[in-house]
Each structure stands twice: as C-alpha cells, then as structure tokens.
Amino acid sequence: ADRQAAEAAAAKAATDRAAAEAAADRAAAEGALLPLERGQVLQGGIQPVLASTTEAAALTVEEVIRRVKRRVVHEDKGQTRTTEHPLQASEVLAFKDHGTHVVVVTTDGQKFSDKAEA
C-alpha cells in the first residue's frame, strides 16, 4: 500500500511538472515576457510569467544586460553622436528573446533592444 501511494505521488508529480512546462511553453509562444527569477514578485504585486524550458528561457539577466545597452543620442555643434550605456540588473523588469534580438523592458517603462538600428 505504501509503495502504491509512493508510485501514485510520483506519477502525479510528473504529470503536474509536464502540465506546468506545457503552460509555460504556450505562454512563451504567445509572446509573454520572461521573468527575472522564478517566484519573484514585481512592483505592484505583479506575478511574472513562468519561463519556458526552451532555449530562449536559458538567458539570464546578466547575459541580457551584457547584450542590450541604453543608447543615448548627443547633439553638439551640429554633430550627432550616439553613446551606449550599460543597463543595471535592478532596472530590468522583464525581457524576451525573439531569436534575432532581445527586448528588455525597464522598471520605468522604457524598451531597449540589441537589434541593430536601420
């Protein structure tokens, strides 16, 4: 009886894990932003979407802030130049890997990307 209960519990855990992974994959396929960390509650009590088990979810905040920079345009004496400044991990609200580029949403609502400007 104990063995059957243990097998039933293991089967239920595997089923629950598969269902959670499928739901996370559906959310990622629908374009949901990836969270910073599992279980983290964002400002205002917002619960982030669980990261999927796909390759896109393998990105960490540290990797994202190395790839995505804040571009600042400076105009001086009729000349325009652009400088890039690194993002801070504390600024990142969420991010999404689109395959060709990564988009970061900051806590102040700005969006940044590592996609080359046309």
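Residue indices begin at 1 and follow the sequence shown. In this text, all values refer to a predicted model and were calculated from it rather than measured experimentally. As a basis for the values below, the full set of heavy atoms in this structure was taken, side chains included, without hydrogen atoms, waters or symmetry mates.
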Student check: side-chain heavy atoms of [X] and [Y] closer than 4.5 Å:
X     : Y      : value
Pro86 : Lys69  : yes
His98 : Lys115 : no
Arg81 : Asp76  : no

Measure the [atom1]-[atom2] distance between [X] and [Y] for me, rounded to the nearest 0.5 Å.
X      : Y     : atom1 : atom2 : answer
Arg67  : Phe95 : CZ    : CZ    : 10.0 Å
Asp114 : Glu84 : CG    : CD    : 10.0 Å
Thr82  : His74 : OG1   : NE2   : 8.0 Å
Glu75  : Thr80 : CD    : OG1   : 4.0 Å

**Study point:** Within 6.0 Å of CD in Gln79, more than 12 heavy atoms from elsewhere
**Key:** no
Give me the atom names and distance for the closest heavy-atom approach of [X] to [Y].
X      : Y      : value
Val68  : Val104 : CG2-CG2, 3.8 Å
Phe112 : Arg70  : CZ-NH1, 3.3 Å
Val61  : Ala89  : CG1-CB, 3.9 Å

Check your understanding: Any Lys/Arg nitrogen of Arg66 or Glu62 sitting under 4.0 Å from an Asp/Glu carboxylate oxygen of the other?
Key ->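 Salt bridge between Arg66 and Glu62, a charged N being under 4.0 Å from a carboxylate O: no.
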Review point. Is the side chain of Glu63 donor-acceptor paired with the backbone N or O of Thr60 at a distance under 3.5 Å, no angle test?
Key: yes
